[in-house]
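Everything below concerns the one structure shown next.
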Amino acid sequence: MSTEWRIPEGTLRALESAPTDRPVMLLMRHSVRPPLPPGSAGDSVPLTEVGVALAEDLGRRIGERLASVRHSPVLRCAQTAEALSRGAGKPFERQPDRLLGHPGALVAHPKLAWEETWTKLPYEELMNAVVDGKALRGFNSARRAAGRILEHMTHAAASPGVHVFVTHDSVLLAVAASLLGHPLRRLEWPWYLDTLAVWASGSGSFELRYRERSGSSPPDQHLIDDDDALEETRVLSFARPLLEATAGLEFPGRVLFAGGAFKSLLHGRPSGEVDLWASSDADRRALLARLRSCGAVEQPGARAFGQAFVLGELTVDVPYRVEPGSLGDRFGRFDLALSAIGVELDHGRLRVQVHPAAREAVRRREVLFLEPLVNWKYAFSSLERARRYAAELAYSLAAEAEQVVWNTYESRDAAEREAMLARFRAHGRGGWGVAEEISCRLA
């Protein structure tokens, strides 16, 4: 006997009751999939034809109200997002969001979670433990997962309209149970396309809708500090697969991985770029050989600071300059605190280091400069990057912090100032208002 799949009534009711004059966030389970292979998380299992059709139908019902769609990197979630967008007539580009998957807000360490929890507990016992906030190996608590995802959705949903976040049943269950303050049991576990709808009410609290349940929550009740985003095991869990794919975990030398890629620990989206510094000329040659053997394709054209390779969806930058010193020495050549996060791969051993200023930036949710600016010749590019970081992370960038760049410029002689401007014209990306501000200030 086959099941007749439908869009859940609770999802449709939430859409009907949601306001149209403000952002509405839908944390949604993916659409219908076939059974998962035994003993596998089934990350490559696609949607069924019915699953695609249902997601397209839901997209049509949302229609013009659909403002954005983000999704767990897992295939069935990506396909759900694409079908929703297609049904609404809004072909958004894919926006994979790591917080919605694993590792993510709920599953902190996938290997540990799989080996020590998923494979050892019956499914119902596991889900009840998640809802009840019990400590599980490899998992964050439901409260922490709910806080991170609520804050993340609030920052991402900046404009009026419906903003969809496609995830998995365990994540949706953990967040819904925590925000509603109710231990949801088996009959209320999320089914395909079930949704937790969240929007800000006129009184400043969050309104919540999940199936038959509704509730409200003060805006700061579940928002939590994200200081542990830079905790050593999380940094290592993020860096390990990237190093394995590029240098290889058994690299017979020493490589430093540091920089902006680690912002992924804060905004949840996959990193598209990795910066790797070799510790010697011999290590650099070995790193380049390893990349080429993995199928990395070097990008044409001369570059000022290093060579760039494309490996799948990843860009790997290998600076010409080698780094015989420590990660701390490398951090000393950065201008932004949030770049001073890294992992050293030394003959198969991994070591994590996080600059105290990076932890302070996360604590304050603010983009901070490392002073004095050691790369003062490229200070305007640093300012442009700081504004980009602030936008990507929904962090603040104080006017007095930006003034550091202008003070640096004004402290130089005429020839050095002109050289700073020339370097920015050559290396600035544009789009963050720095070039326009230079024109206004120096007109």
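When reading the values below, keep in mind they use all heavy atoms of this one structure, side chains included, and skip hydrogens, waters and symmetry mates. Since the model is a prediction, treat every value here as computed from it, not as a measurement.
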(request) Dump the intermediate steps for side chain to side chain donor-acceptor pair (under 3.5 Å) on E298 and Q307, then the final yes or no. (result) CA-CA 7 Å; E298 185 171 358; Q307 292 166 269; 2.9 Å; yes
(request) Of all the heavy-atom pairs spanning W277 and A258, show the shortest one and how long it is. (result) CZ3-O, 3.5 Å
(request) Please name the residue in the list D317, T315, V318, L314 that meets the side-chain contact (heavy atoms from CB on, under 4.5 Å) test with V274. (result) L314
(request) Answer yes or no: is there a donor N or O on one side and an acceptor on the other, between the side chain of D132 and the main chain of K134, under 3.5 Å? (result) no
(message) Quick check on R388: does its CZ atom have over 12 non-hydrogen neighbours (other residues, nucleotides or ligands) under 6.0 Å away?
(response) yes
(message) Taking NZ in K377 as the centre, count heavy atoms belonging to other residues, nucleotides or ligands within less than 6.0 Å. Is the count above 12?
(response) no
(message) Quick one: does any side-chain atom of R333 pair with a main-chain N or O of N375 as donor and acceptor, under 3.5 Å?
(response) no
(message) Going by side-chain contact (heavy atoms from CB on, under 4.5 Å), V164 matches just one of L66, T195, L27. Which one?
(response) L66
(request) Output yes when E360 and R363 qualify as a salt bridge under the 4.0 Å nitrogen-oxygen rule, no when they do not. (result) yes
(request) Taking the six-membered ring for Trp and the single ring otherwise, decide whether the centroids of H30 and Y192 are under 6.0 Å apart. (result) yes
(request) Give the intermediate values and the outcome of side-chain contact (heavy atoms from CB on, under 4.5 Å) for residues Y409 and L421. (result) CA-CA 9 Å; Y409 173 77; L421 295 174; 3.7 Å; yes
(request) Mark yes or no for whether H347, through its side chain, and P252, through its backbone, hold a donor-acceptor pair below 3.5 Å. (result) yes
(message) Which heavy atom of A357 sits nearest to which heavy atom of L368, and what is that distance?
(response) O-CD1, 4.0 Å
(message) Ignoring hydrogens, what is the shortest heavy-atom contact between R387 and L397? Give both atom names and the distance.
(response) CG-CD2, 3.7 Å
(request) Run the numbers on R33 and Q79 for side chain to side chain donor-acceptor pair (under 3.5 Å), then give the verdict. (result) CA-CA 10 Å; R33 56 152 173 79; Q79 290 179 326; over 6 Å; no
(request) Drop me the distance from S264's OG to D97's CG, to the nearest 0.5 angstrom. (result) 10.0 Å
(request) Taking the six-membered ring of F334 (Phe, Tyr or Trp), confirm whether the NZ or CZ of R330 is under 6.0 Å from its centre and within 45° of its axis. (result) yes
(message) I want to check something: taking the side chain as every heavy atom from C-beta on, are L243 and F251 in contact at a cut-off of under 4.5 Å?
(response) no
(message) Can a donor-acceptor pair be found, under 3.5 Å and without considering hydrogens, that links the side chain of E231 to the backbone of T233?
(response) yes
(message) Could you check whether any side-chain heavy atom of L84 comes within less than 4.5 Å of a side-chain heavy atom of V166, counting everything from C-beta outward?
(response) yes
(request) Determine the minimum heavy-atom distance between A239 and V343, stating which atoms define it. (result) CB-CG2, 3.6 Å
(request) Decide, yes or no, whether a salt bridge links R425 with E418 under the criterion of side-chain N to carboxylate O below 4.0 Å. (result) yes
(request) Using the side-chain contact (heavy atoms from CB on, under 4.5 Å) rule, take F262 and L230 through it: C-alpha gap first, then chi angles, then the decisive distance, then the call. (result) CA-CA 9 Å; F262 289 90; L230 302 185; 5.8 Å; no
(message) Surrounding CD of E313 (heavy atoms of other residues, nucleotides or ligands, distance under 6.0 Å), is the total greater than 12?
(response) no
(message) So, taking the atom named NE2 in H71 and the one named CG in L100, what distance separates them when rounded to the nearest 0.5 Å?
(response) 9.5 Å
(request) Decide yes or no on side-chain contact (heavy atoms from CB on, under 4.5 Å) for F165 and L172, but give the supporting numbers first. (result) CA-CA 10 Å; F165 301 80; L172 175 54; over 6 Å; no
(request) To the nearest 0.5 Å, tell me how far T154 OG1 sits from W199 CH2. (result) 14.0 Å
(message) Using modelled atom types and a 3.5 Å cut-off, is there a donor and acceptor pairing between side-chain atoms of R284 and backbone atoms of P319?
(response) yes
(request) Assert yes or no for the condition that the ring centre distance of Y378 to F305 is strictly below 6.0 Å. (result) yes
(message) Taking the ring of F380 and the ring of W406, is the distance between their centroids below 6.0 Å?
(response) yes
(message) With rounding to the nearest 0.5 angstrom, report the CZ to CG distance, R213 to L208.
(response) 12.0 Å
(request) Check whether any side-chain heavy atom of M127 lies under 4.5 Å from a side-chain heavy atom of S170, and answer yes or no. (result) yes
(message) I'd like to know if the side chain of R254 and the backbone of S279 have a donor-acceptor N/O pair within less than 3.5 Å.
(response) no
(message) I'd like to know if the side chain of S178 and the backbone of A174 have a donor-acceptor N/O pair within less than 3.5 Å.
(response) no
(message) I need the minimum non-hydrogen distance between R22 and A200, along with the two atoms involved.
(response) NH1-O, 2.8 Å
(message) Keeping R412 on the side-chain end and W376 on the backbone end, is there a donor-acceptor pair under 3.5 Å?
(response) no
(request) Provide the closest heavy-atom pair for R70 versus A156 in the form atom of the first, atom of the second, distance. (result) NE-CB, 3.5 Å
(message) Between T117 and R137 (side chain of the first, backbone of the second, donor and acceptor by atom type, cut-off under 3.5 Å), is there such a pair?
(response) yes
(message) Are the side chains of T167 and L106 in contact, using a 4.5 Å heavy-atom criterion?
(response) no
(message) Please check this pair: side chain of S237 against backbone of R234, looking for a donor-acceptor N/O pair closer than 3.5 Å.
(response) no
(message) For K120, is there an ion pair with E116 - N to carboxylate O distance below 4.0 angstrom?
(response) yes
(message) Working to the nearest 0.5 angstrom, can you tell me the gap between L336 CG and F331 CZ?
(response) 13.0 Å
(message) Does any part of the side chain of L311, heavy atoms only, come nearer than 4.5 Å to the side chain of C294, both counted from C-beta?
(response) yes
(request) Check whether any side-chain heavy atom of L383 sits under 4.5 Å from a side-chain heavy atom of V404, and report yes or no. (result) no
(request) Taking the side chain as every heavy atom from C-beta outward, state whether L58 and M28 have any pair of such atoms under 4.5 Å apart. (result) yes
(message) Between E151 and R365, does any NZ, NE, NH1 or NH2 come within less than 4.0 Å of an OD or OE carboxylate oxygen?
(response) yes
(message) Return the NE2 to OG distance between H355 and S339, rounded to the nearest 0.5 Å.
(response) 11.5 Å
(request) Evaluate the criterion side-chain contact (heavy atoms from CB on, under 4.5 Å) for residue pair L184 and Y210; output intermediate values, then yes/no. (result) CA-CA 11 Å; L184 303 172; Y210 175 75; 3.7 Å; yes
(message) Do S31 and L193 have side chains that approach each other closer than 4.5 Å (heavy atoms only, starting at C-beta)?
(response) yes
